Amino acid sequence: NGILSNVREVVYDNLDVYVGCAGIPGYSIGPWNGNPNDAGDQDWEFKITLFPFQNSWVPVNTPLGHIGVWTNGVTIFNPRDGMSYNMQGIWNQNAYYFEGGSFDACLGHPNQQMEYHTHINPTCLYDDTDSSQHSPIIGFAFDGFSIYGAYGYQNTGGTGPITRMLSNYRLRAITDRTTLPDGTVLNAGQYGPPFNAQYPRGSFIEDYEFVSGIGTLDVHNGRFCVTPEYPLGIYAYFVTLDADLEPAFPYVLGPTYYGLVPPGNTGPGSGHNTVPGGVTVYNPFTGVAEPLAASNIAAYPNPVVDELVISGLANGTWTLTMHDA
């Protein structure tokens with residue numbers, strides 16, 4: 001619809017990176033079966049800290065709404081769909097089950113605020129079938145730590161073969177929904193629905209439990225490890241898939257962040273931070289000539305595969321030359 005998609009500008013100062021984006025990816029999205037909403041330009045300005053660090057205090061829950069952003073400017077939501085059984089906030093609905101039918105081929109959909117987002121693996125963003133090499137960074141959580149695709153080094157020290165990262169969450173071995181994963185025994189009025197065709201095992205977040213040692217990731221769905229970008233090691237989240245390459249709970253981030261979350265990106269009305277003065281514009285277009293780079297014109301991606309996008313041309317006559325490097 002004429003929206004400039006993907007990430008439109010990246011600027012930074014000594015503390016933070018500011019990411020200006022539409023929330024609309026460059027690939028085709030929709031339709032969203034049974035979903036009356038449409039996707040629109042959100043004009044995001046996210047602030048990502050350059051110095052993320054572990055939260056040693058009470059863990060911060062991943063809230064409803066956006067909890068991070070993919071590298072194409074599309075937002076990441078946690079596993080919940082915002083609804084709960086009998087609206088008690090005890091048995092929270094799993095968006096993958098209750099809303100999965102409205103996901104498009106890229107596994108995203110828009111909400112009532114026209115925010116296109118994903119709850120699970122962004123399959124159109126990277127090759128999630130390529131198990132031959134370490135997955136790229138495909139996003140950032142709002143605590144500042146990077147999110148990788150589904151594959152990493154077997155060993156945290158950067159050795160061993162490339163392997164699929166495994167969640168430490170599993171479905172609980174329960175016959176009814178009368179207890180919570182932490183062992184809390186509920187009152188009768190707080191019970192969840194029985195397991196049946198309408199509410200199968202896994203349709204609620206509380207159907208899952210964390211069991212250390214059955215996978216490769218921690219309770220936040222990440223680990224401290226060596227990656228291609230961080231040869232000395234870094235904490236990183238990983239998208240999780242099962243053996244059939246279907247999304248595996250908790251999909252992206254666990255129920256809590258690993259790090260501290262600065263204000264401005266989460267909560268109602270968030271994602272519209274003010275860029276301070278004195279920032280530096282990040283220019284990844286290394287093949288663009290200096291006169292072009294110094295103007296308001298943007299050309300991306302570089303290198304080009306199928307389609308080159310050029311924006312910022314004023315009225316008049318322009319001569320553009322492309323070179324094969």
Side-chain angles (χ1 to χ4, degrees), residues 1-11 17-48 61-84 87 89 92-126 138-142 147 205 239 247 250-253 257 261-275 298 300-301 307 309 311-312:
N1 296 330
I3 298 171
L4 293 178
S5 60
N6 294 324
V7 173
R8 301 194 277 217
E9 184 181 58
V10 175
V11 300
V17 175
Y18 294 83
V19 181
C21 51
I24 303 293
Y27 47 71
S28 297
I29 56 175
W32 306 287
N33 296 326
N35 184 339
N37 305 315
D38 198 1
D41 185 354
Q42 300 296 317
D43 195 24
W44 298 125
E45 194 68 59
F46 293 120
K47 182 173 70 172
I48 310 294
N61 292 325
T62 56
L64 293 176
H66 37 254
I67 62 173
V69 59
W70 300 121
T71 52
N72 61 359
V74 171
T75 50
I76 307 165
F77 278 34
N78 73 16
R80 294 181 290 159
D81 75 351
M83 305 292 287
S84 63
M87 299 305 294
N92 295 282
Q93 294 186 172
N94 187 338
Y96 183 37
Y97 174 75
F98 284 97
E99 298 181 344
S102 71
F103 294 171
D104 60 22
C106 294
L107 303 183
H109 66 172
N111 63 10
Q112 291 179 325
Q113 289 72 44
M114 303 178 73
E115 180 177 355
Y116 181 78
H117 62 277
T118 69
H119 297 265
I120 56 178
N121 176 47
T123 188
C124 294
L125 181 58
Y126 75 112
I138 58 174
F140 285 87
F142 285 147
I147 304 170
I205 303 302
V239 167
Y251 313 122
V252 185
L253 274 64
Y257 287 100
V261 181
N265 286 338
T266 58
S270 62
H272 301 285
N273 295 279
T274 300
V275 177
Y300 56 91
E307 182 177 274
V309 178
S311 65

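These numbers were taken from a predicted model, which means no experiment stands behind them.
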Measure the CZ-CD distance between Arg80 and Glu99 for me, rounded to the nearest 0.5 Å. 12.5 Å
Which atoms form the tightest heavy-atom contact between Asp38 and Pro110, and what is the distance? O-CB, 3.5 Å
Give, for atom CD1 of Ile147 and atom CG of Leu253, the distance between the pair rounded to the nearest 0.5 Å. 5.0 Å
Where is the tightest heavy-atom contact between Ala39 and Ile24, given as atom of each residue plus distance? CB-CD1, 3.8 Å
So which heavy atom on Asp104 is nearest to which on Cys106, and how close? OD1-N, 2.9 Å
Applying the side-chain contact (heavy atoms from CB on, under 4.5 Å) criterion to Phe46, which one of Tyr18, Phe140, Phe142 satisfies it? Phe142
Look at the side chain of Asn78 and the backbone N and O of Thr62, then say whether any donor-acceptor pair between them is shorter than 3.5 Å. yes
Could you check if a side-chain atom of Trp70 sits within less than 4.5 angstrom of a side-chain atom of Thr118, using non-hydrogen atoms only? yes
Would you name the heavy atoms of Ser270 and Trp44 that are closest together and state the gap between them? O-CZ3, 3.4 Å
Go through the steps to decide whether Tyr126 and Thr71 satisfy the test side-chain contact (heavy atoms from CB on, under 4.5 Å), and finish with yes or no. CA-CA 10 Å; Tyr126 75 112; Thr71 52; over 6 Å; no
The reported gap from CD1 in Ile29 to CZ in Phe103 (rounded to nearest 0.5 angstrom) is 13.5 Å
What is the ring orientation for Tyr96 with Tyr251, classed by angle as parallel under 30°, tilted 30 to 60°, or perpendicular over 60°? perpendicular
Measure the spacing between OG1 of Thr75 and CG of Asn72 and express it to the nearest 0.5 Å. 9.5 Å
Within the 4.5 Å heavy-atom criterion, are Pro122 and Val74 side-chain neighbours or not? no
Give me the atom names and distance for the closest heavy-atom approach of Pro79 to Ile205. CB-CD1, 3.7 Å
For His117, which of His109, Gln42, His66 qualifies under side chain to side chain donor-acceptor pair (under 3.5 Å)? His109
For the residue pair Ser5 and Pro25, what are the closest heavy atoms and their distance? CB-O, 3.5 Å
Are the side chain of Asp41 and the backbone N or O of Asp43 linked by a donor-acceptor pair below 3.5 Å? yes
A side-chain contact here means heavy atoms from C-beta on lying under 4.5 Å apart; do Val69 and Val19 qualify? no
Donor-acceptor contact below 3.5 Å, side chain Asn265 vs main chain Lys47: yes
Indicate whether the side chain of Asn37 and that of Asn111 have a donor and an acceptor atom separated by less than 3.5 Å. no
Can you tell me how far apart OG1 (Thr123) and CG (Leu107) are? Round to the nearest 0.5 Å. 5.5 Å
